[in-house]
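Scroll down for the structure; my scribbles are underneath it.
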Amino acid sequence: MQLEKLLSNKVIQAIQLLYNVTPEAKAITFQKTNKEFEGDLTLVIFPFLKASKKSPEETGKQIGEHLRSNTPEIENFNVVKGFLNITISPAFWINYFNDVAGNPNFAFVPVSNTSPTVMVEYSSPNTNKPLHLGHLRNILLGYSVAEILKANGNKVIQTNLVNDRGIHICKSMLAWKKWGSGERPETASMKGDHLVGKYYVTFDKHLKLQIAELKLAGLSDEDAQKKAPLMLEVQEMLRRWEEGDKEVVALWKTMNNWVYKGFDETYKMLGVNFDKMYFESNTYLHGKKLVEEGLNKNVFTKKEDGSVRIDLSGDDLGEKVLLRADGTSVYITQDLGTAVERFKEFPELSKLIYTVGNEQDYHFKVLFLILKKLGYKWAEECYHLSYGMVELPEGKMKSREGTVVDADDLINEMIDTARETTLKLGKTDELSAAEAERLYYLIALSALKYFILKVDPKKKMLFDPKESIDFNGNTGPFIQYTYARIQSVLRKAEKTDDRRWTAITLKDKEKNIIKLIYEFPVALGHAAKEYNPAVVANYVYELSKEYNQFYHDITILKEVDANLRNFRLALSKKTGEVIRSAMKLLGIDVPERM
RNA sequence: GGCCCUGUAGUUCAAUGGAUAGAACGGAAGUUUCCUAAACUUUAAAUGGAGGUUCGAUUCCUCUCGGGGCUACCA
């Protein structure tokens with residue numbers, strides 16, 4: 001970054017001197033020089049042609065000359081069409097490397113007491129079924145964004161708002177009561193979340209049968225859905241739950257606890273954690289107070305039927321109900337209340353990030369707008385981290401239709417594949433059984449996490465269960481492999497040298513690696529600004545690829561010049577360090593051997 | 001119907017308005033007396049279509065054709 005800043009100033013100077021005008025800052029754009037040309041950075045000349053009244057080539061030359069004679073960091077330049085390709089002196093790159101080599105945290109912004117506090121909510125599951133691939137994207141994304149924000153100097157509170165109450169969990173409860181015969185996770189040898197999910201499906205199956213019967217008896221589809229006995233029963237159960245009926249609440253607690261135990265296992269497997277858990281059973285009433293507030297402020301209106309609404313048609317969002325005619329609150333009312341509570345609990349919060357799929361874009365637009373209309377100025381700081389759906393080749397996943405990829409199953413399949421592949425490659429010779437198992441786990445999780453995180457969150461992504469996730473090419477294991485190779489070299493070198501390097505003639509591959517290391521902090525900043533782990537994923541892939549080329553072309557351990565040998569070792573060590581920290585931000589661990 | 005998102009090699013993904021649109025997988029052809037071949041090298045292959053703004057458009061605007069989502073007194 002420093003470099004671009006420095007050069008920008010020089011360019012402004014040059015243009016003032018040469019053409020007697022001051023260019024706008026945004027007119028000065030640097031980009032990486034394409035590999036087919038000589039140079040490190042390229043200045044686009046076109047914006048300055050009006051001022052220079054000369055051809056692009058001529059203008060480029062004039063600016064280039066000025067830059068070269070006034071900037072010691074610039075070694076040379078050439079002009080191709082409207083592009084000024086600048087070659088930075090090797091001394092600059094070596095100095096840069098010297099400056100950062102000894103500092104493992106060189107790319108991170110330190111967190112202090114005065115750092116801004118950001119809350120990141122993610123996962124936020126329902127407690128009626130196990131986690132699936134869609135949740136996985138949510139969890140990995142939220143976790144990684146939280147890590148990236150920490151690396152950029154934010155204090156981060158990671159939260160999970162568990163949707164533990166409502167009609168969905170009552171469905172599982174009712175089905176279990178009717179058809180469960182007292183089955184428990186231990187007796188069924190099933191994870192608790194899977195067991196509860198099983199009864200959710202059971203409920204749906206029976207409900208469908210009832211609806212079909214009613215329709216045969218002549219009822220309309222809508223009536224059949226409403227009047228099915230199971231539907232009435234489950235609504236009654238929810239009502240009893242809200243009244244605090246002892247038996248219902250006890251069952252609710254029992255079954256939710258089964259689910260939490262199951263979720264915890266999955267979270268542990270994924271290596272994610274939360275600083276604070278919220279449960280909707282505690283928060284779902286918060287919104288009601290706000291309704292009063294909104295009515296007093298004339299932001300909301302009460303209709304004759306008793307329902308409370310807000311008219312957002314001025315903002316093209318239509319009319320929204322906030323309180324039903326019977327006085328009960330709806331989803332958005334809860335969310336309003338919860339947001340207000342959070343800013344009360346953490347007044348220092350400077351950002352509140354919701355990791356939720358893009359199917360709820362409308363919901364969050366409405367939510368933030370209402371908060372703003374209620375006069376909460378922090379509403380501006382609420383952000384919907386909206387991500388695209390994970391689709392299967394046949395379309396969207398639907399839990400009730402059983403077309404979901406279960407998270408636990410997927411993880412276990414990945415571990416099996418990792419084991420198979422590793423054994424086939426004969427890479428386990430030096431490892432104990434426990435070490436080998438640990439390695440399969442690391443590889444499996446990296447393949448899975450990288451596969452998901454390398455895609456721009458905003459975009460939908462496709463997952464084909466028939467094609468297992470790759471271990472070659474642009475994948476997590478490729479990056480892990482690069483890291484393991486580096487560690488192998490370092491082990492064989494026995495000792496490395498941390499002094500400042502001078503008198504090194506940089507080869508292209510070496511310079512490229514230093515340039516990529518130089519870009520690490522830039523990538524981190526970019527990733528944080530965009531809330532986009534894919535930036536980090538793409539970065540660390542590029543670095544790994546570059547290192548593998550270096551490794552292939554240039555000898556390290558057998559280099560006879562001790563100075564060069566030690567420099568290459570230091571470069572390798574640093575590269576490994578950057579790979580490890582970048583992967584850590586994606587929630588991925590790297591093995592020392594593989 | 002209205003609103004929002006999205007269309008890039010056969011496939012999965014890249015590309016702050018900048019050069020001849022990058023990778024990976026798959027395809028074709030190679031590299032191991034040499035620090036880990038989960039690697040490296042070479043090769044064929046793409047911006048849905050039509051306009052517009054611009055010195056310059058995958059990127060911004062309009063239309064059009066595909067794909068997805070939202071549009072509940074569900075969560």
Side-chain angles (χ1 to χ4, degrees), chain A residues 26 29-31 33-37 42 44-47 49-50 56 80-83 85 126 163 165-168 280 284 303 305-309 316-318 320-332 334-335 357-363 365 386 388-389 391 395-396 418 421-422 424-425 427 443 447 451 454-456 458-464 467 469-482 484-493 526 529-530 534-535 537-538 541-542 544-545 547-549 551-559 568-569 572 593-594:
Chain A
K26 67 170 186 202
T29 53
F30 287 101
Q31 53 187 320
T33 303
N34 282 12
K35 14 180 207 302
E36 66 256 47
F37 303 112
T42 295
V44 183
I45 294 300
F46 297 106
L49 296 185
K50 267 189 192 139
V80 181
K81 294 185 202 166
F83 299 90
N85 301 321
N126 291 350
N163 189 335
R165 50 142 246 128
I167 199 86
H168 56 270
E280 249 185 50
Y284 82 108
K303 300 283 168 174
D305 64 3
S307 65
V308 175
R309 305 177 187 212
D316 286 327
L317 293 170
K320 201 76 198 162
V321 170
L322 295 162
L323 215 56
R324 296 190 188 99
D326 65 6
T328 56
S329 61
V330 294
Y331 185 45
I332 194 146
Q334 299 178 31
D335 271 1
N358 64 10
E359 56 198 348
Q360 297 203 41
D361 284 355
Y362 171 74
H363 172 79
K365 262 189 207 163
S386 167
M389 297 287 99
E391 287 177 13
K396 203 188 165 186
T421 310
T422 308
K424 202 161 65 191
L425 291 170
K427 299 262 188 175
I443 293 172
F451 177 82
K454 77 170 177 188
V455 182
D456 184 335
K458 289 193 289 291
K459 298 195 176 172
K460 67 166 192 276
M461 61 178 294
L462 192 108
F463 176 80
D464 189 347
E467 290 178 36
I469 295 175
D470 243 299
F471 289 1
N472 299 323
N474 187 357
T475 66
F478 168 87
I479 296 161
Q480 289 181 315
Y481 175 71
T482 311
R485 262 186 157 177
I486 291 172
Q487 302 319 305
S488 170
V489 172
L490 295 178
R491 276 193 301 272
K492 286 186 175 142
H526 186 195
K529 199 170 146 237
E530 308 277 324
V535 172
N538 291 330
Y541 171 64
E542 209 182 319
S544 301
K545 211 165 52 137
Y547 184 85
N548 273 321
Q549 290 169 16
Y551 179 94
H552 183 268
D553 292 355
I554 298 173
T555 185
I556 303 169
L557 294 174
K558 291 191 177 155
E559 172 59 53
R568 286 174 193 159
L569 282 169
S572 300
R593 332 171 175 250
M594 73 183 272

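Just so it is clear: chains get the letters A, B, ... in the order the sequence lines come, proteins before strands, and each one is counted from 1. Side-chain atoms are counted along with the backbone in the values below, which use heavy atoms only and exclude waters and symmetry mates.
The gap from the P atom of B/G68 to that of B/U54 amounts to 37 Å, rounded to the nearest Å. Here, B/C55 and B/C3 have their P atoms 33 Å apart, quoted to the whole Å.
Mapping A/Thr42 and A/Asn548 onto RNA chain B by nearest heavy atom places A/Thr42 at the nucleotide closer to the 5' end.
Across all strands shown, B/C40 forms a Watson-Crick or G-U wobble pair with B/G30, both key distances being under 3.5 Å. If you check B/G56 for Watson-Crick or wobble pairing at under 3.5 angstrom, you find it has no partner at all.
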Per-nucleotide protein contact string for nucleotides 27-32 of chain B, where B marks a base within reach and S marks sugar-phosphate only (heavy atoms under 4.0 Å, - for neither):
------

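Between A/Ser572 and A/Tyr547, the side chains place a donor N or O and an acceptor N or O closer than 3.5 Å (distance only, hydrogens not considered). Between A/Asp470 and A/Thr475, the side chains place no donor N or O within less than 3.5 Å of an acceptor N or O (distance only, hydrogens not considered).
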Got a list of protein N/O to nucleotides 70-73 of chain B N/O distances below 3.5 Å?
| residue | atom | partner | partner atom | Å |
| --- | --- | --- | --- | --- |
| B/C73 | O3' | A/Arg324 | NE | 3.2 |
| B/C73 | O2 | A/Ala325 | N | 2.8 |
| B/C73 | N4 | A/Asp305 | OD2 | 2.1 |
| B/C73 | N4 | A/Arg309 | NH2 | 3.1 |

Shorter than 3.5 Å, N or O on both sides, protein versus nucleotides 10-15 of chain B: list them out with atom names.
| residue | atom | partner | partner atom | Å |
| --- | --- | --- | --- | --- |
| B/C13 | OP1 | A/Leu462 | N | 3.0 |
| B/A14 | OP1 | A/Asp456 | N | 2.5 |

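Separating the CD1 atom in A/Ile486 from the OG atom in A/Ser544 is a distance of 7.5 Å, to the nearest 0.5 Å.
When distances are taken from the side chain of A/Glu391 to each of B/G68, B/A38, B/G18, the shortest belongs to B/G68. With distances taken from any side-chain atom of A/Asp470 to the nucleotides B/C25, B/U20, B/A39, the minimum falls on B/C25. The A/Asn472 side chain lies nearest to B/A38 when the options are B/C55, B/A19, B/A38. Side-chain proximity of A/Phe478 to the nucleotides B/A37, B/A75, B/C40 is greatest for B/C40. Ranking B/A75, B/U20, B/G18 by closeness to the A/Gln31 side chain, first place goes to B/G18. Minimum atom distance to the side chain of A/Thr555 is reached by B/C35, of the listed B/G18, B/A38, B/C35.
No aromatic stack links A/Phe83 and the base of B/G18, using centre distance under 5.5 Å and interplanar angle under 30°.
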